[in-house]
Amino acid sequence: MGQGYASGLPRLAADFGFSVPGDDTAEDEREDEREDDEADLDRAGDVLPDGAVTHEAAPVHRIPEPVAAPEPAAPAATPFGAVTPSVQAAPAAPPASLVVAKSGALGHLVMPPFGAPLARCNDLPSEMGPEFTPVEFSGCGKEDVDPGLTLPKGFVVVDVLKEDDRLIEVVTLTVRKRAWRQALISSMPQLRGVGVFHHDGHTPLRLRVDAWGRGAWTIRLRPVSTLRSFDGPLEGVGPDVLAYTGGEAGVRYRCQGDEKKEGFFGVNVLRRGGHQQSAFCRLNRGRGSGALPAGPRLLVVDTRGGWSMEPRQGGIGGFWTRRR
């Protein structure tokens, strides 16, 4: 007891665990207890194993590690020389043969692409013309061409490509470079023509290409074994040469003419040695018939427009009348 009234009651209440308003004694004691507890924790941290001293740090929030995207699978190893999908190799072109593709009203004769291997297309005997690797030449206007070929006696085919509508002529040359034998002459626009000449086997093989107006041209020399065979209905546009190995037969002809439905149409027959004879001739568009001697022969078509031919077994009979 022994406490005054002013201070006795609050102290007595604090002794029994009660707080009195306006009295900070209990708060001071609680603050002292908290400081004692913290000191005990500090002393406990001073005696960690291995002498390590730790200090309380602010909580650290762990940032989740980024998930790495799966690496794309490595492409399979490509063997040396293999073709990748982005670059496709052009398939090997089979030997090309002559076909006819129509374009517009008349169409154009489509020859084997230059540079492509050529297939044998007929049964002409070797005496009709030698076998050799085709050669190509390009130029403008009038130029002499020396193919550098040494060939035996026989026929040689000349393909001529020209875009303008000016006259072009291809002839062989003598030793003195004079014009000798004509292989092809035409003024047909967008010419895709086929001509032929007979080589004697002794004179050096030289050609002269004469295109009026210094027009650009391309020619190719190839063997007669690559000519289309006339063993059924055929059609074409412009000058052409066909191989014939059948017997005597009649032929039905049809001339469509040029873009004006006009133009000459003629067919000459060549036999070994270069001898020729006329088989059919017409001055304008229309139909007709004629006869062919037994082969082997070359049929030389001379025209500026579209044409068609069809063999008739058993002779020529009468004139072919228009079908209704």
Side-chain angles (χ1 to χ4, degrees), residues 90-102 107-138 145 147-161 170 172 181 183-184 191-201 205 207 218-249 251 267-276 279 292-302 307-311 313:
S97 57
L98 285 171
V99 296
V100 173
K102 290 192 174 182
H108 295 281
L109 179 63
V110 180
M111 294 178 296
F114 279 29
L118 303 181
R120 185 178 184 89
C121 301
N122 55 65
D123 298 326
L124 288 175
S126 59
E127 294 80 7
M128 292 293 291
E131 293 291 338
F132 60 94
T133 302
V135 291
E136 305 167 5
F137 304 91
S138 297
V145 177
L149 297 175
T150 302
L151 301 177
K153 183 178 180 179
F155 291 102
V156 178
V157 179
V158 183
D159 295 328
V160 181
L161 276 67
V170 181
T172 63
R181 291 171 176 167
L184 181 143
L191 176 65
R192 305 293 186 269
V194 183
V196 67
F197 64 90
H198 186 267
H199 179 54
D200 60 8
L205 182 55
L207 299 174
T218 301
I219 66 171
R220 172 176 56 191
L221 305 182
R222 58 186 173 104
V224 294
S225 61
T226 61
L227 291 172
R228 290 194 294 168
S229 178
F230 180 51
D231 51 8
L234 286 180
E235 60 180 1
V237 178
D240 203 347
V241 182
L242 308 173
Y244 182 66
T245 56
E248 294 183 1
V251 182
V267 177
N268 290 329
V269 179
L270 299 180
R271 61 185 176 93
R272 279 178 288 191
H275 303 285
Q276 69 174 6
L292 289 180
R297 295 287 192 272
L298 297 181
L299 309 182
V300 181
V301 179
D302 182 14
W307 54 267
S308 64
M309 296 170 53
E310 180 180 355
Q313 299 299 329

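In terms of the ring pair (Phe, Tyr, Trp, His ring centres under 6.0 Å) criterion, residue partners of His198 (sequence neighbours excluded) are, by chain and number, Phe155. Residues forming a salt bridge (charged side-chain N to carboxylate O under 4.0 Å, His left out) with Glu131 (at least two apart in sequence, or on another chain): Arg120. Applying the side-chain contact (heavy atoms from CB on, under 4.5 Å) test to Pro125 and every residue at least two apart in sequence or in another chain returns Glu127, Met128, Pro296. Ser308 is linked by a side-chain contact (heavy atoms from CB on, under 4.5 Å) to Glu235, Arg254, counting only residues two or more places apart in sequence or in another chain. Partners of Pro152 by side-chain contact (heavy atoms from CB on, under 4.5 Å), not counting sequence neighbours, listed by chain and number: Pro130. Applying the side-chain contact (heavy atoms from CB on, under 4.5 Å) test to Thr218 and every residue at least two apart in sequence or in another chain returns Phe114, Ser138, Leu161.
You'll find the side chain of Val269 stays beyond 4.5 Å of the side chain of Tyr244, heavy atoms only. Looking at Leu298 and Leu124, their side chains come closer than 4.5 Å, going by heavy atoms from C-beta outward. Side-chain contact between Leu191 and Pro239 is present, with heavy atoms from C-beta onward closer than 4.5 Å. Side-chain contact check for Leu292 versus Phe230: some heavy-atom pair is nearer than 4.5 Å. Between Val156 and Leu151, the closest side-chain pair of non-hydrogen atoms falls below 4.5 Å. Contact check for Val300 versus Val196: side-chain heavy atoms found under the 4.5 Å cut-off. Leu221 places a side-chain heavy atom less than 4.5 Å from the side chain of Leu207.
Asp159 places no side-chain N or O within 3.5 Å of a backbone atom of Ile219 that could act as its donor or acceptor partner. With Asn122 contributing its side chain and Val224 its backbone, the two residues share a donor-acceptor pair below 3.5 Å. A distance-only check finds a donor-acceptor pair linking the side chain of Thr172 to the backbone of Arg181 [under 3.5 Å].
Closest of all the heavy-atom pairs between Leu234 and Ser229 is CD1-O, 3.6 Å. The minimum heavy-atom distance between Leu205 and Pro147, with the atom names listed, is O-CD, 3.1 Å. The two residues Lys153 and Asp200 have their closest heavy-atom pair at CB-O, 3.8 Å. Across every non-hydrogen atom of Ala294 and Glu248, the tightest pair is N-CG, 3.7 Å.
For the atom pair Phe132 CZ and Arg222 CZ, the distance stands at 9.5 Å (nearest 0.5 Å).
Partner Val194 forms a side-chain contact (heavy atoms from CB on, under 4.5 Å) with one of Leu227, Leu242, Val158, Leu184 and no other, that one being Leu227.
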key: Check against side-chain contact (heavy atoms from CB on, under 4.5 Å), Met309 and Asp240   = CA-CA 12 Å; Met309 296 170 53; Asp240 203 347; over 6 Å; no

